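Quick notes on the structure that follows.
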Amino acid sequence: MACVRSYFGRYGRPVDGAGVLVALSGGPDSVALLSILLRLAKEFRWVIGAAHVNYGLRGEESDEDEAFCRELSLRWGVAFHCHHVEDGQRSADVNLQLWARAIRYAFFEEVASAHGYDKIATGHHLGDRAETVAAAVLDASGSFALSGIPPFRGRIIRPLFECRPQMIRDYLYAHQIPFQVDRSNGTMRYRRNRIRLQTLPEWSEDNPRIVEGLARLGEQLWRQQVYLEKEADCHLQESVIGRETGRILLDAERLSRYDSCLDPFVLRLLIRQIDLQLVPTQATVDRFSRLCRRNGSGRVEQGDLILERSKGQMMAMRRIADSVVPLPQVPVMAGAVTMFPNWRFTSQVVAGHEPGTHHDDREVSLDADCLHEPLVIRQGEAGDRYRPFGLHGTKKLYDLLADRSVPAFERGRIPVLSDQAGVLWPVGHPIAERARVTDATRRIFQVRATRV
């Protein structure tokens, strides 16, 4: 109980009256956690529930664990939530432990959302933390992996975080509380078991407090990462030019101003903010660093992640956002509102003439009698060519945009007002010479574009 109170003192406890869902496997750690939180619930008026996942991987033993958890929850007056994993839900080539972890956390989050639990409590203790750090050491992993199990994450809390495994067993024996024993925890088939049963005992011969030391190392690195992530987030926000679903546009020069030690944190934040579930490799981090700090253009890819630099800007995007999906041409009619992805167009025809009126970035005036209807808004295309206002001859649209410092990844996204004769106005850029307003103009077609 003391180590649990210590945890809540350091990391905060659920508010009075909160709902707490306990991840209950039936093993000693989760059973002790449920018992301790039920005792504290009397003091803080918590509403306790239990959630169990039956993976069906150990046949009758899996069913016995479920029956034990169900009966224990009933006896202790706790709402019980159970999920059965269907046969065939797991493919043969997946990592079993990672697969099981994804299944149970998804179920816990689903139950918490559906039944109003504020927190999800898991039974990770000091030994689990040490084993996780030891695994990262053996893998020669970076600091992210070496930080081990965090004390909390979102609404997940770990009240046994500071408890040694033997303390948990002593608590159960002292209060005569039964628990289940998973015989698979004793086999050397699983790497985590080998670390717990073989590696850590060997290391403890040289350092009897290796478990505490590894756990402390993980927590120290976790605290440093929290700080560095906050710093990275500040620098990232200063560099953002614009956001869309699955895309973030950045000022590459500003992005390069921070110390390169923050690159892994900035990249992970970018990945998270474009809704990708992906852990960048060290090679991707290194290429990202070079992309941030060099002039010119370049591209980095890993899975569905695409990072591209052009004309002093960088785009981070999901591959689905980068794929070319042709948008339909949208008719433009005077007096009507035309909607195009991320844009709103209004237009009208007015009498008279305004010599010298051509355009600004968002509004243009065209000679209505020089237009060849129908008019449409469409995506620009690499083969588009027209004579921009003020030029003596035609120019490819994409070449014009490149000359005007438009990044390569943005050129195909600029809406283009066109008629039967071709390009009239790439939004934000010169109109077509053939449609400019002159002294002879009698009707003006005015168009305004607004980002939405």
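Here the structure is a predicted model, which means the values were calculated and not measured.
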For Phe288, give me all partners under ring pair (Phe, Tyr, Trp, His ring centres under 6.0 Å), at least two apart in sequence or on another chain. none
Distance-only, no hydrogens or angles: does the Thr132 side chain make a donor-acceptor pair with backbone N or O of Asp128 under 3.5 Å? yes
Can you confirm whether the side chains of Glu66 and His84 place a donor and an acceptor under 3.5 Å from each other? yes
What residues form a side-chain contact (heavy atoms from CB on, under 4.5 Å) with Pro165, not counting sequence neighbours? His125
Would you please name every residue forming a salt bridge (charged side-chain N to carboxylate O under 4.0 Å, His left out) with Arg158, sequence neighbours left out? none
Aromatic contact, Trp222 with Phe161 (centres under 6.0 Å): no
Quick note, ring pair (Phe, Tyr, Trp, His ring centres under 6.0 Å) partners involving residues 126-151, not counting sequence neighbours, are Phe144-Phe265
With sequence neighbours excluded, what pairs up with Ser256 under the side-chain contact (heavy atoms from CB on, under 4.5 Å) test? Arg293
Once side chain to side chain donor-acceptor pair (under 3.5 Å) is applied, do any residues pair with Gln282, and if so which ones, sequence neighbours excluded? Asp286
Name all pairs fulfilling the ring pair (Phe, Tyr, Trp, His ring centres under 6.0 Å) condition that reach into residues 238-262, sequence neighbours left out, sorted by first residue then second. His235-Tyr258
Answer whether the closest heavy-atom distance between the side chains of Arg58 and Asp65 falls below 4.5 Å. yes
Cation-pi check, Arg155 to Tyr117: give yes when NZ or CZ is under 6.0 Å from the six-membered ring centre and within 45° of the ring axis, no otherwise. no
Can you name the side-chain contact (heavy atoms from CB on, under 4.5 Å) partners of Gln198, sequence neighbours left out? Met188, Glu202
Sorted by chain and number, sequence neighbours left out, salt bridge (charged side-chain N to carboxylate O under 4.0 Å, His left out) with Arg290 holds for none
is_close_aromatic(His115, His81), centroid dist under 6.0 Å: yes
Not counting sequence neighbours, list each pair that qualifies as a side chain to side chain donor-acceptor pair (under 3.5 Å) and has a residue in residues 205-218. Arg164-Glu212
Within the 3.5 Å criterion, strictly below it, is a donor on Arg243 or Gln273 matched to an acceptor on the partner's side chain? yes
Disulfide (SG to SG under 2.5 Å) involving Cys163 - partner list, sequence neighbours excluded: Cys3
Could you tell me which residues satisfy salt bridge (charged side-chain N to carboxylate O under 4.0 Å, His left out) with Arg378, sequence neighbours excluded, listed by chain and number? Asp384
